[in-house]
S.K.: 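This is the structure I have questions about; it appears just below.
Note that ligands are numbered from 1 as they come in the structure, with each ligand's atoms numbered from 1 the same way.
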Amino acid sequence: MRFMTAEPFRIKMVEPLKMTTKEQRQQCLKEAGYNAFRLRAEDVYIDCLTDSGTSAMSNKQWSALLLGDESYAGCKSFYKLEKSVQDIFGMPYVQPTHQGRAADYIMTQIYCKPGMYAIGNLHFDTFRGNAEMLGTFPVDQVIDEGLDSASGYHPFKGNLDLNKMQKLIDEKGAEKICVVIITVTCNGNGGQPVSMKNIREVSALAKKYNIPVVIDSARLAENAYFIQQREEGYQNKSIKEITNEMFSYCETATMSSKKDGLVNIGGLFVTRNKDVFAQANQMAIVHEGFITYGGMAGRDLEALAVGLQEGCDEHYLKYRTEQVHYLGEKLKEKGIPIVEPTGGHGVYVDGRRFFPNIPQSEFPSQRLVCALYEEAGVRAVELGACAFGKKDPKTGADIWPELELMRICISRRVYTDRHMDVIANTLGYIYENRDKYTGMKLVYEGPITSLRHFTAGFEML
Ligand SMILES: *Cc1c(COP(=O)(O)O)cnc(C)c1O
């Protein structure tokens with residue numbers, strides 16, 4: 001029972017937060033063009049912009065930093081990391097990289113070819129960018145329930161749709177499919193998990209056609225925990241038994257260590273294929289650093305070696321997923337429309353259903369981001385009309401996306417449930433007063449529409 005356990009850690013060092021007034025926050029918003037990306041982090045009270053690279057490290061990680069040796073050929077720290085990774089992934093070959101996207105780059109160069117298709121549940125944007133630069137077509141084939149925010153409970157909304165996959169193979173020919181990438185948990189729809197059964201079946205189907213399988217594993221431990229909690233036959237397996245089985249179905253895995261690695265920077269390219277490893281080593285030497293450091297300092301390799309193990313601890317994972325769930329439940333109690341079930345790393349609020357009187361062309365989720373910051377200094381992020389809006393290539397007219405959400409990302413081991421209460425109470429207050437809010441107008445956007453949310457400027461209507 002949740003009320004009988006709390007955070008499985010105590011706080012040994014604190015970072016005081018700057019407290020601001022509503023007037024100050026209004027001024028900050030104005031100066032930032034009403035764009036959360038342009039706020040200064042120090043003016044934020046509770047920062048829920050991302051869960052990437054924002055984890056708090058443990059005393060063991062901080063002390064491991066001091067053991068880090070100079071990072072070059074054969075450094076001691078690398079072998080510690082290698083051992084930790086092999087233990088969790090069950091694969092022999094480990095190439096560190098400086099971030100997840102560098103592993104994506106190496107993986108794309110090895111597995112993708114121009115004019116071919118890469119199947120995924122929902123491809124992450126850094127892979128998508130790498131694929132598109134190479135001329136490979138990324139195809140998203142998550143199950144339909146995974147795309148419908150109002151479809152209610154499904155335990156594994158990150159699953160890949162086997163029928164869609166078979167159809168694409170039949171239509172294009174297996175020789176046109178270069179790779180299948182399963183992202184665990186599925187970041188694109190809110191950290192929804194993928195079941196072991198699905199990973200096994202996708203892998204079997206791919207194998208039948210000789211298509212290699214890659215797992216994008218930024219949140220591998222959260223996915224394993226959901227499998228243990230929700231999937232028949234896994235209740236008595238340990239997290240590492242589950243991660244080892246997950247990776248037994250792929251040839252290669254990429255990872256952004258900035259999530260379940262519980263560190264602030266780093267990435268991994270892990271494989272069981274010796275030839276693939278040799279190619280990855282070559283590419284790492286050119287782009288990242290020597291094989292045994294891949295652009296990371298020895299101390300960062302040490303902290304990651306420890307962080308990966310802590311990330312697989314069941315008490316930690318219970319606290320982690322329950323905190324996200326707790327915030328979701330608090331919002332639901334107040335009648336606030338969220339995407340269900342809550343995923344591994346955040347809560348998504350439906351901006352259109354929250355502000356039914358603000359049309360999508362007036363950025364309801366962005367308005368909610370601003371209101372949440374204005375009232376309580378909480379920074380969330382819009383995933384809606386601004387982030388995913390497109391332009392008709394002929395007429396230049398706006399095309400509004402299906403998704404209209406505000407994401408509240410929860411950093412690992414950083415905030416307490418009382419911080420969650422502040423977020424819930426503030427959103428409850430805004431929701432009660434939802435009729436008083438009007439929309440926004442986009443007054444500045446950069447030349448690349450798909451990147452406009454990072455620099456956009458708005459005005460209140
Ligand atoms: C964060 C992330 C990446 C990219 O990793 P970076 O460390 O930010 O470069 C790739 N895939 C997934 C699923 C991610 O969540």
S.K.: Are side-chain N/O atoms of Gln95 and Asn281 paired as donor and acceptor at under 3.5 Å?
M.R.: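 Side-chain D/A pair, Gln95 to Asn281: present.
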S.K.: With distance as the sole criterion, is a donor-acceptor pair present between the side chains of Glu251 and Tyr111 under 3.5 Å?
M.R.: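 Yes, because at least one side-chain N or O of Glu251 sits under 3.5 Å from a partner of the opposite role on Tyr111.
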S.K.: Give the residues near ligand 1 by chain and number, with the criterion being a heavy-atom distance under 4.0 Å.
M.R.: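 Heavy-atom contacts below 4.0 Å: Gln99, Gly100, Arg101, Asp104, Phe124, Thr126, Thr183, Asn187, Asp216, Ala218, Arg219, Ser256, Lys258, Lys259.
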S.K.: In terms of side-chain heavy atoms, does Glu82 have a donor or acceptor partner in Tyr93 at a distance below 3.5 Å?
M.R.: no
S.K.: Would you call the rings of Tyr72 and Phe290 parallel, tilted or perpendicular, taking 30° and 60° as the class edges?
M.R.: parallel
S.K.: So His419 and Tyr415, would you call those rings parallel, tilted or perpendicular, with 30° and 60° as cut-offs?
M.R.: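 His419 and Tyr415: perpendicular rings.
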S.K.: Strictly by modelled atom types, are Gln309 and Asp87 linked by a side-chain donor-acceptor pair under 3.5 Å?
M.R.: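 Result is yes, a qualifying pair exists.
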